[in-house]
Amino acid sequence: MSAHDIRSATRPDPDQPMVDIANYVADYKIESTEAYDTARYMLLDSLACSALAMKFPDCVKHLGPLVPGATMPGGARVPFTSHELDPVQAAFAIGTQIRYLDFNDTWLAAEWGHPSDNLGSILAVADYLSRKAVKEGGKALTVRDVLTYAIKAHEIQGCYALKNSFNRVGQDHVILVRLASSAVTTAMLGGGKEEITTAVSHSWIDNGALRTYRHAPNTGPRKSWAAGDACRRAVTHAINAVYRNVVGYPSALSAKTWGYYDVAFKGNAFEFERPFGSYVMENVLFKISFPAEFHAQTAVECAMQLHGQVAGRIDEIEKIVIETQEAGVRIIDKTGPLANYADRDHCIQYMVAVPLIFGRLTADDYNDAVAADPRIDALRDKMTVQENPQFTKDYFDPEKRYIGNSVQVFFKDGSKTEKVSIDFPIGHRKRRAEGIPVLLKKFEAALRAEWPSERVEKVLAVTNSPETLDAMAIHDFMTLFTA
């Protein structure tokens with residue numbers, strides 16, 4: 001009988017992409033020292049983002065139990081809070097913390113995203129499992145274990161993003177957070193290849209969230225907790241697959257009419273540039289200097305370089321020309337009134353105007369008080385954003401993965417600044433030696449803003465030693481960050 005005969009109840013073999021994920025998560029051994037070194041920095045950077053997010057009430061309100069009183073003593077902790085939650089809700093809370101300020105790591109290709117979003121699921125499940133194991137006389141997971149799962153989650157999300165554009169069918173990149181987290185947390189809970197395949201099949205059947213909340217005219221703060229929502233759903237799928245032995249759906253992708261490909265991906269199967277390994281963690285992009293949508297990171301660096309020439313002549317500016325990649329034009333070129341924080345941190349004109357005027361770009365600069373400065377919108381009105389084809393070409397080149405931008409300011413008297421152009425930001429792999437010390441300063445500064453010096457020094461003593469950190473039980477590590 002034809003594979004496309006919708007009357008046939010014969011269950012096919014699982015779709016190969018789901019099998020490939022299960023095989024990778026269950027069998028692949030991470031050998032890369034660079035991947036582990038980068039993963040440690042990713043973990044610290046993500047916790048820095050969590051600490052910084054605690055200053056924002058709109059984030060903090062999401063971090064507790066789903067309904068008042070629904071706590072779980074002995075469950076998973078949420079960093080920088082006293083919450084103890086079931087691992088599903090903790091995954092949401094931690095994922096929301098890490099992602100809230102748009103300041104965590106980034107991956108850019110045909111699809112975009114933030115692979116450290118997966119830490120929401122991984123840390124919640126790891127803390128829950130380790131506390132449970134200790135209580136029952138078992139063996140706790142270590143930080144090294146968590147880094148291994150994080151490398152694999154990064155790899156799944158990032159390798160799917162290389163050739164498959166979910167944004168072009170209107171879906172948000174958090175679909176890949178749910179995919180990667182479903183796979184690795186199933187393994188963490190004790191699931192084998194069958195259970196991983198089952199959880200992944202459920203993840204695809206969920207379909208995807210729309211990108212509505214990331215784009216004009218609807219940009220809003222859901223984009224700051226969308227990854228947390230994906231983490232929460234992923235842990236649900238993992239628990240169902242392992243603890244409840246739910247049925248999987250082998251052709252969740254390829255089923256004619258009803259499968260993901262036909263329903264959501266215009267009938268196209270996924271394409272892959274490379275097999276799973278540790279490439280993504282090794283090449284991940286860190287947001288170190290600025291909490292800004294990553295396609296604008298180098299534009300902000302350009303504007304910072306021009307600040308000294310421009311700040312005293314704001315009223316004399318005639319026009320500003322920004323050149324960016326095609327993706328930057330499509331995502332963050334935005335005109336008209338900006339309604340909220342989320343609107344502003346996804347507007348390249350806003351992210352260039354602030355450093356030109358003030359010589360800085362911080363999370364607070366997206367708030368209403370700063371946005372009320374009339375000079376910002378006046379400069380936005382004088383900006384032209386256009387694609388530079390070379391920036392786009394270098395953006396997709398697997399040997400480069402650049403994120404180039406240039407900024408040039410023209411004055412009414414006919415004078416102009418130089419055209420400042422930067423191919424890749426400080427968080428790029430090619431600038432690791434320059435970037436990691438800045439990342440560690442970001443981590444330390446975020447802790448010092450939350451805690452007294454004595455407590456910060458205790459954390460730094462652990463995190464400054466890779467051997468000590470790797471060997472630490474994850475529940476003890478989480479205790480370091482619990483309020």
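We number each residue from 1, following the sequence as shown. Bear in mind that the values here come from a model prediction, so they are computed numbers and not experimental data.
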field: Distance-only donor-acceptor check, side chains Q171 and N207, under 3.5 Å
entry: yes

message: Between S121 and N118, is there a side-chain donor-acceptor contact under 3.5 Å, judged purely by atom types and distance?
response: no

query: For E273, what residues pass the side-chain contact (heavy atoms from CB on, under 4.5 Å) criterion, not counting sequence neighbours?
result: L162, K163, P398, R401

Backbone of Y402 reached by a side-chain donor or acceptor of D423 within 3.5 Å: no

- prompt: Under a 4.0 Å N-O cut-off, is there an ion pair linking R448 with E457?
  reply: yes

query: Is E293 salt-bridged to K223, cutoff N-O under 4.0 Å?
result: no

- prompt: For Y261, what residues pass the ring pair (Phe, Tyr, Trp, His ring centres under 6.0 Å) criterion, not counting sequence neighbours?
  reply: F270

message: Donor-acceptor check, side chain of R77 to backbone of H475, threshold 3.5 angstrom: yes or no?
response: yes

- prompt: Just checking, is any N or O donor in the side chain of D262 or T257 under 3.5 Å from an acceptor N or O on the other one?
  reply: no

- prompt: When Y395 is tested against each of Q390, K400, Q325 for side-chain contact (heavy atoms from CB on, under 4.5 Å), which residue passes?
  reply: Q325

message: Between D333 and R330 (salt bridge meaning N to carboxylate O under 4.0 Å), is one present in this structure?
response: no

message: Quick one, N104 with S46, criterion side chain to side chain donor-acceptor pair (under 3.5 Å). Give me CA distance, side-chain angles, the key distance, then yes/no.
response: CA-CA 6 Å; N104 60 321; S46 300; 5.6 Å; no

task: Measure from NZ or CZ of K442 to the centre of the six-membered ring of F103 and say whether it is under 6.0 Å with the direction within 45° of the ring axis.
output: yes

field: Pair T148, Y36: side-chain N/O donor-acceptor within cut-off below 3.5 Å
entry: yes

D15-S251 side chain donor-acceptor pair, cut-off 3.5 Å: no

Identified ring-ring contact (aromatic ring centres under 6.0 Å, His included) counterpart of W112 within the set H295, H173, H346: H295

Spacing of F391 atom CZ and S421 atom OG [to the nearest 0.5 Å]: 3.5 Å

task: Tell me whether the centres of the aromatic rings in F294 and W107 are closer together than 6.0 Å.
output: no

Test: R432 and E34 ion pair at under 4.0 Å: no

query: Is the charged tip of K152 near the ring of Y24: under 6.0 Å from the six-membered ring centre and within 45° of its axis?
result: yes

- prompt: Counting N and O atoms only, with roles assigned by atom type, does the side chain of E195 sit under 3.5 Å from a partner on the main chain of N245, one being a donor and the other an acceptor?
  reply: no

- request: Kindly check if the number of other-residue, nucleotide or ligand heavy atoms within 6.0 Å of CD (E194) is above 12?
  value: no

field: Residue pair Y213 / D172, side-chain donor-acceptor N/O under 3.5 Å
entry: yes

For the student: nearest non-hydrogen atoms of E111 and N167, plus distance: OE1-N, 2.6 Å

